[in-house]
Amino acid sequence: MTETRPDYLRIHRDPSPIQRPHPLATPDLADEFWQAFSDATGWRIQHNGSTQQRPALLPTLDFDPMGGADQLESVPVVKRSSATLLAQAADVLTQELKLARAALRRQEVELATRAVITNDQQRESIADTLETTLADAAAACRCDAAAMYLLDDDTESLNARTVYGLPPNRLEQPPRELRGSRGDLEALVQGVVAIDDLHDSDIDTWNCPEPAGSAICAAINQDSVPIGTLWLYGNDTTRFNSADHAAARMASTQLALQLELAKLKHNELLKKKAADLLRDIAQWQFMSLPAGTKLADGWLVDGMIESPKDWAIGWHTWDVLPDGTLMMAMAEAEDQSLAGAMAAATCRAALTAHTGYRHTPRELMQRISDTLWQTNTGEQLVSLIYVRIDPETGEGEVTSAGKITAIISSGYGYRPLADGKSPLLTSHLDSRCEISSFRMATGEAFLAYGPGLDTGNRSQMMLGDQLRTCMQRDDPHPLAAIRRAIATIPLQHERGAISIVRQ
């Protein structure tokens with residue numbers, strides 16, 4: 001469906017206000033230099049509009065060699081080659097001055113919004129918006145220039161952040177002291193102060209920032225807290241009325257809203273970047289988890305993690321060691337934040353490094369604990385369980401530290417192996433882990449689970465019953481049955497578990 005606009009309707013857009021010089025504005029330093037250059041050398045510079053090409057020089061006056069002695073005074077006193085070298089060096093300096101002023105303009109906008117804006121295009125857009133508001137305010141109040149001054153963190157000085165109708169070097173001037181600035185102080189108290197004639201007294205009690213003939217000062221507030229002032233300058237004396245006061249108040253409110261909107265947009269961008277970062281972390285964690293598989297003939301292994309957060313603080317893994325034994329491990333950090341996720345990743349890297357050579361389960365736990373102690377000055381508290389099983393005999397050994405519980409179940413019942421009440425890994429310099437031996441017969445399942453699934457004896461009974469039921473049905477996937485059984489329970493803590501079934 002295409003919308004058509006009737007011929008009798010027209011959309012009118014006001015053109016963007018053009019910044020015009022006014023009597024308050026001093027000549028630009030670059031223009032003054034080039035004028036002095038022309039007067040001193042007799043050559044004038046001709047810019048071609050490109051910063052990549054060198055400027056061209058032309059005589060200040062058109063010289064006619066047949067014009068007689070009167071034209072001799074128009075002959076340039078400096079050679080063209082010398083003037084060209086000087087002009088090229090000066091052009092580089094003036095270009096750097098323009099770039100520095102543009103960067104200062106963007107920096108002042110960034111400071112005004114109290115946010116770190118990394119996009120130069122966004123800075124330019126905010127600066128243009130603020131300057132447009134200043135221009136509209138000046139036009140509405142019959143003024144020639146405007147400036148926005150914001151208070152510092154100590155509310156002791158005012159810094160010029162955006163100007164209109166004033167030379168750019170106003171942003172380079174040092175901050176003004178709030179103490180003694182009567183105009184700013186009265187505006188912060190009353191809201192708006194209008195000064196019809198700044199030349200009425202020999203003593204400038206208003207302490208006007210610019211040598212104007214009249215001015216309006218309005219307070220800029222955010223959430224009823226003053227953050228700065230808006231000054232509108234007129235070159236001539238002006239009798240301001242209530243409409244001018246209202247326009248100044250509206251302009252100051254608009255500036256406050258624009259600053260707040262810029263901050264909100266920046267915060268939304270930061271949140272989006274943080275969300276993207278968390279998504280990448282979660283994706284990396286998901287891809288690093290092994291899928292359920294047949295680890296050896298007659299041995300099926302599986303694992304699960306469910307987290308209420310965007311990331312996980314636990315992991316599980318399994319492998320066949322060089323000596324042919326089966327290895328399973330599961331860990332969960334005590335810290336629930338991203339720091340805990342990184343501690344868990346460090347623990348996994350240590351496990352991978354230390355399982356590549358001969359070891360006992362107790363030695364492995366101590367080496368992992370030493371690695372966690374040495375890699376961070378903080379407390380990397382981790383719950384960890386490590387299991388080794390001989391696939392031929394079913395004999396195994398389990399060592400655990402922290403809050404991970406382990407049980408073995410058959411079709412007739414279950415028996416506990418680890419109660420999940422031992423000290424956390426790295427809570428002591430020497431690992432105080434629990435070690436026990438077991439033997440798995442055909443038709444039995446081993447289950448280890450974290451504190452998210454352990455809510456007391458009733459939880460262990462429920463998990464043991466699920467394992468027993470699965471073994472009675474010859475179901476090699478007990479974790480799937482457990483997940484179905486707890487699907488209606490709200491996910492408030494991370495749930496992690498591993499299982500291995502001997503068929």
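Keep in mind that the numbers below use all heavy atoms, side chains included, and drop hydrogens, waters and symmetry copies. If you're wondering where the values come from, they're calculated on a predicted model, not measured in any experiment.
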Could you check whether any side-chain heavy atom of [X] comes within less than 4.5 Å of a side-chain heavy atom of [Y], counting everything from C-beta outward?
{"X": "L230", "Y": "I216", "answer": "no"}
{"X": "D152", "Y": "P175", "answer": "no"}
{"X": "S288", "Y": "R348", "answer": "yes"}
{"X": "N207", "Y": "E177", "answer": "no"}
{"X": "I126", "Y": "L261", "answer": "no"}
{"X": "C143", "Y": "F240", "answer": "yes"}
{"X": "I368", "Y": "V382", "answer": "no"}
{"X": "P226", "Y": "N221", "answer": "yes"}

[X] atom [atom1], over 12 foreign heavy atoms within 6.0 Å:
{"X": "M250", "atom1": "CE", "result": "no"}
{"X": "H245", "atom1": "NE2", "result": "yes"}
{"X": "W284", "atom1": "CH2", "result": "no"}

Give a yes or no answer on whether the side chain of [X] reaches the backbone of [Y] with a donor-acceptor pair at less than 3.5 Å.
{"X": "D196", "Y": "S214", "answer": "no"}
{"X": "Q222", "Y": "A256", "answer": "yes"}
{"X": "W315", "Y": "A344", "answer": "yes"}
{"X": "S252", "Y": "A219", "answer": "yes"}
{"X": "D136", "Y": "A140", "answer": "no"}
{"X": "D223", "Y": "V225", "answer": "no"}
{"X": "Q380", "Y": "L372", "answer": "yes"}

Looking at residues at least two apart in the chain, or sitting in another chain, which of them share a side chain to side chain contact (heavy atoms under 4.5 Å, CB included) with [X]?
{"X": "R179", "answer": "none"}
{"X": "D280", "answer": "none"}
{"X": "T133", "answer": "Q254, L255, Q258"}
{"X": "S427", "answer": "L381, P423, L424"}

Taking salt bridge (Lys or Arg N to Asp or Glu O under 4.0 Å) as the definition, give me every residue that meets it alongside [X], ordered by chain and number, with sequence neighbours left out.
{"X": "E306", "value": "R483, R495"}
{"X": "E494", "value": "none"}
{"X": "R176", "value": "D184"}
{"X": "K272", "value": "D276"}

So which heavy atom on [X] is nearest to which on [Y], and how close?
{"X": "L134", "Y": "M148", "answer": "CD1-N, 4.3 Å"}
{"X": "L166", "Y": "E210", "answer": "CD1-OE2, 3.8 Å"}
{"X": "A147", "Y": "V163", "answer": "CB-CG1, 3.9 Å"}
{"X": "I313", "Y": "G340", "answer": "CG2-C, 4.3 Å"}
{"X": "L198", "Y": "A215", "answer": "CD1-CB, 4.2 Å"}
{"X": "W318", "Y": "A291", "answer": "CZ2-O, 3.3 Å"}

Could you state the interatomic distance from [atom1] ([X]) to [atom2] ([Y]), rounded to the nearest 0.5 Å?
{"X": "L264", "Y": "L259", "atom1": "CG", "atom2": "CG", "answer": "11.0 Å"}
{"X": "T371", "Y": "H354", "atom1": "OG1", "atom2": "NE2", "answer": "3.0 Å"}
{"X": "I220", "Y": "L188", "atom1": "CD1", "atom2": "CG", "answer": "9.5 Å"}
{"X": "T346", "Y": "Q374", "atom1": "OG1", "atom2": "CD", "answer": "12.5 Å"}
{"X": "E332", "Y": "C347", "atom1": "CD", "atom2": "SG", "answer": "11.5 Å"}
{"X": "I195", "Y": "W231", "atom1": "CD1", "atom2": "CH2", "answer": "4.5 Å"}

Q: Go through the steps for I486 and L491 under the test side chain to side chain contact (heavy atoms under 4.5 Å, CB included), then give the verdict.
A: CA-CA 9 Å; I486 63 176; L491 182 61; over 6 Å; no

Q | Residues which pass ring-ring contact (aromatic ring centres under 6.0 Å, His included) with W311, listed by chain and number, not counting sequence neighbours | A | none

Pairs satisfying salt bridge (Lys or Arg N to Asp or Glu O under 4.0 Å), at least one member in [range], at least two apart:
{"range": "residues 308-319", "result": "none"}
{"range": "residues 334-344", "result": "E334-K403"}
{"range": "residues 244-256", "result": "R142-D244"}

Q.
One pair to check against side chain to side chain contact (heavy atoms under 4.5 Å, CB included): E156 and L178. What are the steps and the verdict?
A. CA-CA 5 Å; E156 294 180 352; L178 181 60; 5.8 Å; no

Q) For W206 and V193, what are the C-alpha separation, side-chain angles and deciding distance, and is it a side chain to side chain contact (heavy atoms under 4.5 Å, CB included)? A) CA-CA 10 Å; W206 295 104; V193 172; 3.5 Å; yes

Q | Candidate pair D200 and T237, rule side chain to side chain contact (heavy atoms under 4.5 Å, CB included), full reasoning | A | CA-CA 10 Å; D200 187 33; T237 58; over 6 Å; no

